[in-house]
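Every heavy atom of this structure was used, including side-chain atoms; hydrogens, water molecules and symmetry mates were not. Order of listing sets the numbers, starting from 1, for every ligand and every atom in it.
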Amino acid sequence: LVTGFDFSTAGRIVFRRGAALDIVEVTRSLGTRAFVVTGLAGSARSRILERLDSAGLLCDGHAQSGEPTIGDATRGASFARDSGCDVVVAVGGGSAIDRGKAISALAANPGDPLEFLEVIGAGRPLKNAPLPFIAIPATAGTGSEVTRNAVLCSPAHKVKVSLRSALMLPRVALVDPELTFDLPAPITASTGMDALTQLIEPYVSVRANAITDMFCRQGMIRVRRSLERAVETGGFAGPRQDMACASLLSGLALSHAGLGIVHGFAAAIGGMFDAPHGALCAALLPHGMRVNIAALGDRDPHGAALKRYGRVAAILTRRKNAGPEAGADWVEELCGRLKIPALATHGVTSAHVAELAGKAAEASSTKGNPITLSIGEMQTLLRAALQ
Ligand SMILES: [Fe+2]
């Protein structure tokens with residue numbers, strides 16, 4: 001039985017070494033004045049800016065440090081609007097891409113962004129089509145180059161929420177693994193664990209379907225064989241290409257099958273603590289798997305989701321008959337080898353457990369979880385990830 005699906009993604013996806021150098025031609029096909037959002041400084045990113053500038057296409061730009069707030073997005077949007085930009089380019093990690101994506105949407109939809117935001121706002125559809133948006137990922141983790149949402153932090157509500165619309169799909173995604181070659185090991189590790197989470201959660205999600213299953217399986221194989229090598233060997237091309245591809249596949253999967261409780265908690269914690277999204281997902285993932293597997297074993301022991309956790313385990317451990325728990329063990333051991341810090345390192349304590357579990361229950365990602373968890377189960381999950 002094939003579950004129905006409705007598939008749409010970025011208008012064009014270019015994946016190859018050097019793809020970022022197509023930026024002038026691609027920008028010119030979509031506009032004349034580019035607003036550029038960049039992440040951390042890097043030589044490849046400077047080259048992209050120089051190319052746009054010398055082609056006379058660079059209009060204005062902002063650098064994004066840390067994960068974007070609603071204010072970052074609205075400020076960028078009014079800048080882009082006031083300076084007459086007609087295309088938005090983002091080069092960087094998920095933070096830069098999400099900010100660029102939100103700017104492209106809000107520049108064409110002025111007013112209070114709460115009108116369009118999920119959870120804390122009215123969640124109304126965008127009125128006008130966003131400015132054309134080009135995404136160039138410089139980390140291998142978020143897959144945001146092919147998703148239709150931008151995650152923004154609301155400091156007032158202390159939560160991260162999405163601005164989401166099918167109109168927000170990037171027009172072009174230039175995925176150039178070379179941009180990730182100089183990433184430091186801890187960023188490679190945490191962003192890579194985000195990708196793995198975004199491959200496991202859609203695979204067991206209530207919205208999993210034939211297309212997303214294919215992305216998830218291929219992505220998990222790549223993370224299994226290449227994440228540790230990418231962390232250890234840095235600029236070595238093979239593992240970096242595998243991880244850039246796994247990240248892309250994770251974006252294709254999550255934007256159609258949704259996520260689960262790990263991302264629900266990552267949104268809740270990320271709104272209250274200054275911690276990188278990937279590091280939070282990594283610290284939560286093995287515990288999220290264990291709590292889901294136990295809940296499914298109790299309440300849905302013959303359902304598809306538990307079998308899927310068995311298949312996750314088989315892919316990750318390369319043992320055909322590995323039980324579901326073996327997948328969680330594999331992930332936990334990987335976190336240890338990659339030196340992923342526990343949640344306490346980011347300041348989360350047992351005093352925050354009740355509030356965070358309440359927020360995670362409300363998070364949009366949690367809707368994809370394969371089974372409805374009780375607040376008690378969610379608290380157990382979070383306590384296990386603290387230390
Ligand atoms: Fe994520």
Quick one: are Ile70 and Leu152 in side-chain contact, heavy atoms under 4.5 Å? yes
Close aromatic pair by centroid cut-off 6.0 Å: Phe273 and His352: yes
Arg148 vs Lys101, side chain to side chain contact (heavy atoms under 4.5 Å, CB included): CA-CA, chis, key distance, verdict: CA-CA 9 Å; Arg148 64 197 67 197; Lys101 204 187 284 178; over 6 Å; no
On the six-membered ring of Phe181, is Arg240 placed so that its NZ or CZ lies under 6.0 angstrom from the centre and within 45° of the ring axis? no
Determine whether the aromatic ring centres of His256 and Phe5 lie less than 6.0 Å apart. no
Is a donor from one side chain sitting under 3.5 angstrom from an acceptor on the other, for His277 and Glu67? no
The Fe ion (ligand 1): which protein N, O or S atoms are under 2.8 Å away? Asp194 OD1, Gln198 OE1, His263 NE2, His277 NE2
